[in-house]
Participant: 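Pasting a structure here, questions to come.
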Amino acid sequence: MTDKYAQLVNHGIGKKVATQVGLPRPPRLRRYEPGQELLEGPAAVGGIGQSPVTQTVAAVIKASGGAVVDAAADTTYADKPAAVVFDATAARTLKELEELRAAVGPAVKALGRCGRVILIGTPPDELADAEAAAAQQALEGIMRSIGKELRAGGTANLIWLQGEARGDSAALAAPLRFLLSSRSAYVSGQPVRVVAGDVPEVDDWQTPLKGEVAVITGAARGIGADIAHVFARAGANVIAVDIPAAGDALAKVANGIGAVALQLDITSVDAGERIAQAVARVGDHLDVIVHNAGITRDKLFVNTDADRWGSVIDVNLAAQFRINKVLLDPATKGGLKDGGRIVAVASTSGIGGNRGQANYAASKAGVMGMVRQLSKNLADRHITVNAVAPGFIETEMTSKIPLATREVGRRINSLLQGGQPVDVGETIAFFAEPGSAGVTGQVLRVCGQSQLGA
Amino acid sequence: MSQRDAYVIGGNRIPFARSGGKYLKASNQDLLTTTIEGLVARFGLGGERLGEVVAGAVIKHSRDFNLTREAVLGSHLDPHTPAYDIQQACGTGLEAAILVANKIRLGQIESGIAGGSDTTSDAPLAVNDDLRKTLMKVNYAKTPQQRLKALAKIRPGQLAPEQPKNAEPRTGLAMGDHQAITTKEWGITREAQDELAVRSHQNLAAAYDRGFFDDLVTPYLGLTRDNNLRADSTVEKLAKLKPAFGKGDPAATMTAANSTPLTDGASAVLLGSQEWAQERGLTPLARFVDGEAAAVDYVHGDEGLLMAPPYAIARLLKRNNLSLQDFDFYEFHEAFASTVLCHLAALESPEFCKQRLGLDEPLGPIDRDKLNVNGSSLAAGHPFAATGGRIVASLAKMLHEKGSGRGLISICAAGGQGVAAILEATA
Ligand SMILES: NC(=O)c1ccc[n+]([C@@H]2O[C@H](COP(=O)([O-])OP(=O)(O)OC[C@H]3O[C@@H](n4cnc5c(N)ncnc54)[C@H](O)[C@@H]3O)[C@@H](O)[C@H]2O)c1
């Protein structure tokens, strides 16, 4: 799906006119390609106090092939930094916010294109002292505002590093790398919580899913097809699921990445068993299930009917419960392994609601509710459960939205454009990585910091 | 070489389409390649080198001389996978499966795909014989003058293309007209034929509804089910149709509804040894036990054109020490409803079994509830070379679902031929 406006104002005469009359010019986002450098320039790294987290940050960046410079107040940067990472986990007073401003300001000002601003904080709910909690909560406001000020494809995000995880360098590595990399091109204005977990040290962060078995539902087209591609690129053996009627498109996706195609309606009674059987053919157990299949049956709440209501909730939510139940049963051959991953696809509509989409928003909000609770229930099995909440993504689904509404959806975000299906895929693959063991119960928006549902 | 077992692991086909419709623009190569691609995706065979791929088409362009190999090259299979074409009229697909199974049993190959494709929408139109001879002369002419002279011989009458005919070259009779004679000989009633046709539609529709084809069929060009299928077919509706074959006979019984229409489609079956399947975590659905082909002398009139299957069945049963009643499923290809009914009547007939098959006892009746339980060609349609693969894959799945038992396949073919095969559930 193409964004004609973005093409027009970024090339030739269109670019000239757009610049002169001050039309917004959606930047071209840096996106991941195999073998790509983590960052195109040095990372400016700073922190409050002598926190071990600051050292971990620098170490992770260096280990990933990046250069680190000091983000101190009044620095003038010789090379444009590609990223600013500021460790504010130790901030306990409002005064320390000035320290942050002074150190981060010049670095953000010097940031190169598609730059990254990452703040790291302590979850406020961990702090008994009200001022400390306020200082930490302030980080979210700062991060979101910087996100809205950044131009040229820059993003700002916040990592809430839970107590024990502050001493666990492995827990921070994968989330930090993801937010620094171009894989998070369309993720901005978001907090991510990281807890200590059974996190392995990961050397090969370019193909972290090597040898893993991943099931992706709704993979025949749109976002699901791109999730499948990203997973295959990351080394996973993919089982691509879609309804039998989409079998021809599904076969193309599968053969394109050496995956297995499973023609299956996820609402059928034996869907869980059929998935497990397919897994058992490919490997011993399932490493990742991605619940991506989804439908819309829009109608105003007062005019909708049981059929529209029920089918959306069944496909988008109830089917996941039934399938998870089978896959989580330790007796199931081809079931989800302990330490496995469940990733669901929510939507910003589930956060903000949408006219004519009460059923859809119910299902997507429900997904978020499920993720938050199931993650707790499965913590002892080290299974993480997370969701992405895509905003406006350029797919067949969104290309059917009337033009005016579509243009609003596309532009009303900090990156001035719709996201690509691959952006959702990258975020899901991040949740699936072994290094993301400390990320669970999270709903991460992939929306370019959209104002909708914010 | 030691003999071992060959197994049917799975199959794929595209929905069959009535000719001149949905697949009008697709060639045999398109159909076969797509079908193989669907099979590759279903079993994750991308990049695999298989022992061989064997397939064919009955109606084939000369440019498709290497149809199957070209389809392999157009697929995600390892290009080092060899392939060859075969053609045994409507028996093509089943014969291909027998060939692959035999090589596996001999230990010559570990795995293979057997298939077939046919389209009468993309049928080759031949120039008529006179024109062809003239053009050959032009081709061989050495000087421009000779060439012009040869070209000047073309007459308007020669420009009419020769239509492909569904007729037997040696008798000039259409297959349906041949069958009309046999139908009459065996006294098969119109009602019995219509009932069989209706059951075929109802069974196929029910099979689709319960998802039986979810892992056997991959949609193509907007079609998700065979478009010849009429789920609402009834005996009353069919009774209204006028006969299409045996015209001129006031007692003619064969109509368009109890005969298969021209259809486009393709099918492919994955076969392999136990070890090959195991290494890939694949579950063999059924053992390919044995196959047998037979032919009758329909030209000199001592047997009906489509009556070879009972001969093949008799020999196959004898070789495998089985009786006709030892089966849980009977898959008798419905070229015409009356073909199936004639075969059943012949197998029950003491005279036929004694005089024609040389048996002391008739092979006897079968339990009709075990016949074509998920529908057959009258409902699905019959793209000639694709029918065998459709049946083998479906029967293998039925046996796997049941978890025990045996199935008998019987397919009649042009030229007075017939092919039969036995499949058995894996223990
Ligand atoms: N496109 C967006 O902007 C956007 C935004 C937010 C959330 N989402 C969510 O992302 C997911 C993918 O959306 P998309 O835009 O790619 O949509 P899409 O319609 O292009 O793809 C959805 C796929 O799911 C399959 N599917 C539907 N019902 C199924 C069932 N019962 N069993 C198996 N497969 C089934 C469809 O056949 C289709 O291939 C959905 O959950 C959607 O709600 C999309």
Side-chain angles (χ1 to χ4, degrees), chain A residues 211-217 219-221 224-225 228-229 231-233 236-286 333-334, chain B residues 9-15 22-23 26 30-31 33-48 72 74-78 207-225 266 268 270 272 276-285 397 400-401:
Chain A
E212 297 203 350
V213 180
V215 167
I216 295 153
T217 69
R221 62 175 212 189
H229 277 109
F231 270 66
R233 187 198 70 203
N237 296 319
V238 173
I239 297 171
V241 179
D242 212 299
I243 50 171
D248 38 354
L250 184 69
K252 289 204 180 87
V253 170
N255 285 336
I257 56 171
V260 170
L262 177 60
Q263 297 186 169
L264 171 73
D265 183 332
I266 56 160
T267 63
S268 59
V269 281
D270 60 346
E273 284 83 4
R274 296 265 316 274
I275 289 173
Q277 280 164 15
V279 171
R281 262 167 44 187
V282 181
D284 296 338
H285 51 241
L286 179 63
K333 203 165 159 260
Chain B
I9 294 166
N12 184 50
R13 68 179 179 93
I14 51 175
K22 284 276 188 184
Y23 300 168
D30 295 335
L31 302 185
T33 307
T34 302
T35 302
I36 291 175
E37 279 291 82
L39 191 69
V40 168
R42 181 160 302 143
F43 294 98
L45 301 176
E48 282 253 10
V72 167
S75 78
H76 280 80
L77 287 173
D78 183 335
Y208 268 110
D209 289 344
R210 75 180 168 95
F212 179 75
F213 292 109
D214 283 1
D215 56 0
L216 290 171
V217 174
T218 305
Y220 185 52
L221 300 181
L223 217 57
T224 55
R225 287 184 178 200
L270 178 65
W276 187 86
Q278 226 153 34
E279 277 164 23
R280 282 153 192 81
L282 300 172
T283 315
L285 300 179
K397 178 168 174 181
H400 183 66
E401 281 185 342

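Note on naming: letters A, B, ... go to the chains in the order of the sequence lines (proteins, then strands), and numbering restarts at 1 for each one.
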Participant: Chain B: which of A:Asn255, A:Ile243, A:Ile257 shares the most heavy-atom pairs with it under 4.5 Å?
Facilitator: A:Asn255
Participant: Where on B:Tyr220 is there a heavy atom nearer than 4.5 Å to chain A: the side chain, the backbone, both, or neither?
Facilitator: backbone
Participant: Main chain of B:Phe212, side chain of B:Lys397: is a donor-acceptor contact present, judged purely on distance under 3.5 Å?
Facilitator: yes
Participant: Counting heavy-atom pairs under 4.5 Å with chain A, which one of B:Thr224, B:Val40, B:Leu223 comes out on top?
Facilitator: B:Val40
Participant: Look only at the side chain of A:Asn237 and the backbone of A:Val282, and say whether a donor-acceptor pair between them is shorter than 3.5 Å.
Facilitator: no
Participant: Between A:Arg281 and A:Gln277 (side chain of the first, backbone of the second, donor and acceptor by atom type, cut-off under 3.5 Å), is there such a pair?
Facilitator: no
Participant: If you tally heavy-atom pairs under 4.5 Å against chain B, which of A:Gly258, A:Ala245, A:Ala240 wins?
Facilitator: A:Ala245
Participant: Does B:Asp214 use its side chain to pair, donor to acceptor, with the backbone of A:Leu264 at less than 3.5 Å?
Facilitator: no
Participant: Where on A:Ala261 is there a heavy atom nearer than 4.5 Å to chain B: the side chain, the backbone, both, or neither?
Facilitator: both
Participant: Tell me, side chain or backbone of B:Arg225 under 4.5 Å from chain A's heavy atoms, or both, or neither?
Facilitator: neither
Participant: Mark yes or no for whether A:Glu212, through its side chain, and A:Ala236, through its backbone, hold a donor-acceptor pair below 3.5 Å.
Facilitator: no
